[in-house]
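Only one structure is covered here, and it is reproduced in the block below.
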Amino acid sequence: MVEVISFFGLGYVGLTTAACFASRGFRVIGFDNDYNKFKAISSGVAPFFEPGLDEILKISLEKGNLKVTMDPNTAVLNSKVTFITVATPSKEDGSIDLSYIKEASKMIGNSLKLKDEWHLVAVKSTVVPTTSEAVVKKIVEETSGKKCGRDFGLCVNPEFLREGNAVEDTLNPDRIIIGEFDEKSGDFLERIYREFYGQKIPPIIRTTPVNAELIKYANNAFLATKVSFINMIANLCQKLPGADVEVVARGIGLDKRIGPLFLKAGAGWGGSCWSKDLKALLSFGLKIGVELPLIEATLKINDSQPYKVVELAKMALGSLRGKRVSILGLAFKPNTDDMRNAVSIKIVEKLLSEGAKVTVYDPKAIENAKSIFFERVEYAKNIEDCLRNSECAVIVTEWDEFKKLKPEYFVKLMRDPVIVDARRIFCPMEFQDKVKFVAIGLSNNFERIQKT
Ligand code: NAD
């Protein structure tokens, strides 16, 4: 029996998961308290860019499998399970801001007060260990007047999808983590996933709520640490004649104990999750008297990495004052328009503060960029517009359309071009002979540049 499921929060996680469930025949009710999002989603348009999402959203709405509402009671009273997918941002001090979680829990509790049947609440948002027990369970019990484990069930069900690949990740996850407060809740959630995935069910780990909460943080912390590690090695390579981090990464990545993924040196990571999650974990650790020095180092390396990119531009160009610099890529990663915490922001701000004239281009993120940089940069409609008459091009996001560019193209459009490859998308051998080429993790060839 396919149950009706509801989502509280229709952002990257909530909308993608809701649309995927609906596309597989589940009846889904999505609730979001943001009117603009509600309006866009109801008309079949996702409020953000995610490959494949608009298509499944439209089909699900047309088939009537997905309904969108601004009324929390409609969502809870007409479904059997509610996934909490609201944001969990950082507070000023880095600790987790649980205000949306509290608000959603209150709304769910108030709706449950009106309901006679058992209902499952599943926390998909990323929350620090003990939050589900101390905050969600407590608030839902208080507002509903009901008892967790008897009148309603509760699970922690963290999400691991990657923006830019969210639909694919939702349809083919590596595993499902279920942190259950009682067996009935765990059984119920497992059954829903078994119905959703059928034969293609990934491994399921059923565990305590606190383990489930921690798995999500440990996962992000490990991936972030791997990237910061290779960025640290990249910085070493830059000072070493003959060194190239790409070759070093390939060499260590072939060790089965290390593996090749997340060993790409670059300008640092951005996005809404890693920094806020690592800061939240750090802050949580301190709260319970545990220092997490590896997390501190991982964050520290990442904070300074975007400035390494500007240093490269400066070394190749001399002073940046009055120089025309083109930024190729603004989104925090390819295949998304998301600019939350994107490294492009730090790079552009630093270039502007050094007096450069900046033109930016991104295939999807220009509209979001306008509300960050306003009139302080020029917005190009395509790569050609962005590069014309510029003196320096910086590759900040590794979109596929940039990977195809040849050195001759830069030479044709730019003035004595300097190329800063902050994402290592170009072959140094191909570029170095034709343009002034510098890259993260590539031994500095400034002497050669200076001579030419
Ligand atoms: P988001 O900001 O894109 O979406 C959150 C949505 O919740 C917004 O649309 C907002 O209007 C809505 N909302 C806020 N309060 C609400 C309420 N009381 N009731 C109903 N809706 C409400 O956030 P996101 O990126 O989807 O992240 C959601 C959670 O999932 C976070 O905890 C995040 O850390 C985690 N997560 C995110 C990703 C990712 O790639 N974005 C991946 C895995 C996990």
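Whatever order the structure lists them in is the order used to number ligands and atoms, beginning at 1.
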Which atoms of ligand 1 are found less than 4.0 Å from any heavy atom of Ala104? 18 (N)

Could you tell me, atom by atom, which parts of ligand 1 come under 4.0 Å of a heavy atom of Thr88? 31 (C), 32 (O), 34 (O)

Within a radius of less than 6.0 Å around CZ of Phe229, do more than 12 heavy atoms belonging to other residues, nucleotides or ligands occur? no

Look at Lys138 together with Glu133 and state whether they make a salt bridge at an N to O cut-off of under 4.0 Å. no

Just do the salt bridge (Lys or Arg N to Asp or Glu O under 4.0 Å) check on Lys370 and Glu367 with the steps written out, would you? CA-CA 5 Å; Lys370 286 181 181 168; Glu367 284 313 309; 3.3 Å; yes

Would you call the rings of Phe21 and Phe7 parallel, tilted or perpendicular, where under 30° means parallel and over 60° means perpendicular? tilted

Identify the protein heavy atom lying closest to atom 43 (C) of ligand 1, giving its residue, its atom name and the separation to 0.1 Å. Glu159 O, 3.2 Å

In terms of residue, atom name and distance, what is the protein heavy atom nearest to atom 26 (O) of ligand 1? Val13 N, 2.8 Å

Side chain or backbone, does Asp34 bring an N or O within less than 3.5 Å of an N or O on ligand 1? no

Within the structure provided, determine whether Ile139 and Lys102 are in side-chain contact (heavy-atom separation under 4.5 Å). yes

If you measure every N/O of Lys216 against every N/O of ligand 1, is any gap under 3.5 Å? no

Which ligand 1 atoms are under 4.0 Å away from a heavy-atom of Thr85? 5 (C), 28 (C)

Is Tyr12 close to ligand 1, meaning an N/O of one under 3.5 Å from an N/O of the other? yes

Under 4.0 Å between a side-chain nitrogen and a carboxylate oxygen: does that hold for Asp244 and Arg250? no

Give the numbers and elements of all ligand 1 atoms closer than 4.0 Å to a heavy atom of Asn33. 11 (O), 13 (N), 14 (C), 15 (N), 16 (C), 17 (C), 18 (N), 19 (N), 20 (C), 21 (N), 22 (C)

Does even one non-hydrogen atom of Arg162 get within less than 4.0 Å of ligand 1? no

Contact atoms of ligand 1, heavy-atom distance to Tyr100 under 4.0 Å: 14 (C), 15 (N)

Checking a contact table here: which protein heavy atom is nearest atom 11 (O) of ligand 1, and how many Å away? Asp32 OD1, 2.7 Å

Between Asp255 and Arg257 (salt bridge meaning N to carboxylate O under 4.0 Å), is one present in this structure? yes

List ligand 1 atoms under 4.0 Å from Lys37, heavy atoms only on the residue side. 8 (C), 9 (O)

Closest protein heavy atom to atom 20 (C) of ligand 1, given as residue, atom name and distance to 0.1 Å: Phe31 CE2, 3.3 Å

Is there a polar contact, in the sense of an N or O pair closer than 3.5 Å, between Lys124 and ligand 1? no

Residues Glu163 and Lys333 bridged, charged N to O under 4.0 Å: no

Atoms of ligand 1 less than 4.0 Å from Lys276 heavy atoms? 32 (O), 33 (C), 34 (O)

How about CD on Glu183, more than 12 heavy atoms from neighbouring residues, nucleotides or ligands closer than 6.0 Å, or not? no

For the residue pair Tyr361 and Phe402, does the interplanar ring angle fall in the parallel (under 30°), tilted (30 to 60°) or perpendicular (over 60°) class? perpendicular

Quick test of your reading of the model: are Lys115 and Asp151 salt-bridged, counting only N-O distances below 4.0 Å? no

Please verify the inter-ring angle class for Tyr35 with Phe38; under 30° counts as parallel, over 60° as perpendicular, anything in between as tilted. tilted

Looking only at protein heavy atoms, which one is nearest to atom 35 (C) of ligand 1, and what is the separation? Thr126 OG1, 3.4 Å

Any idea which protein heavy atom is nearest atom 39 (C) of ligand 1, and the distance to it? Glu163 OE2, 3.5 Å

Minimum heavy-atom distance between Asp303 and Tyr307, given as atom pair plus value: O-CE1, 3.6 Å

Do any heavy atoms of Arg340 fall under 4.0 Å from ligand 1? yes

Closest heavy-atom contact between Ser326 and Ser390? OG-OG, 2.8 Å

I need the nearest protein heavy-atom contact for atom 4 (O) of ligand 1: residue, atom name and distance, please. Gly11 CA, 3.1 Å

Selected option - heavy-atom contact closest to atom 21 (N) of ligand 1, from Ser125, Ala87, Gly9, Gly14: Gly9

With nothing but distance in play, are any N or O atoms of Cys273 less than 3.5 Å from an N or O of ligand 1? no

Among protein heavy atoms, which lies nearest atom 29 (C) of ligand 1, and at what distance? Val86 O, 3.3 Å

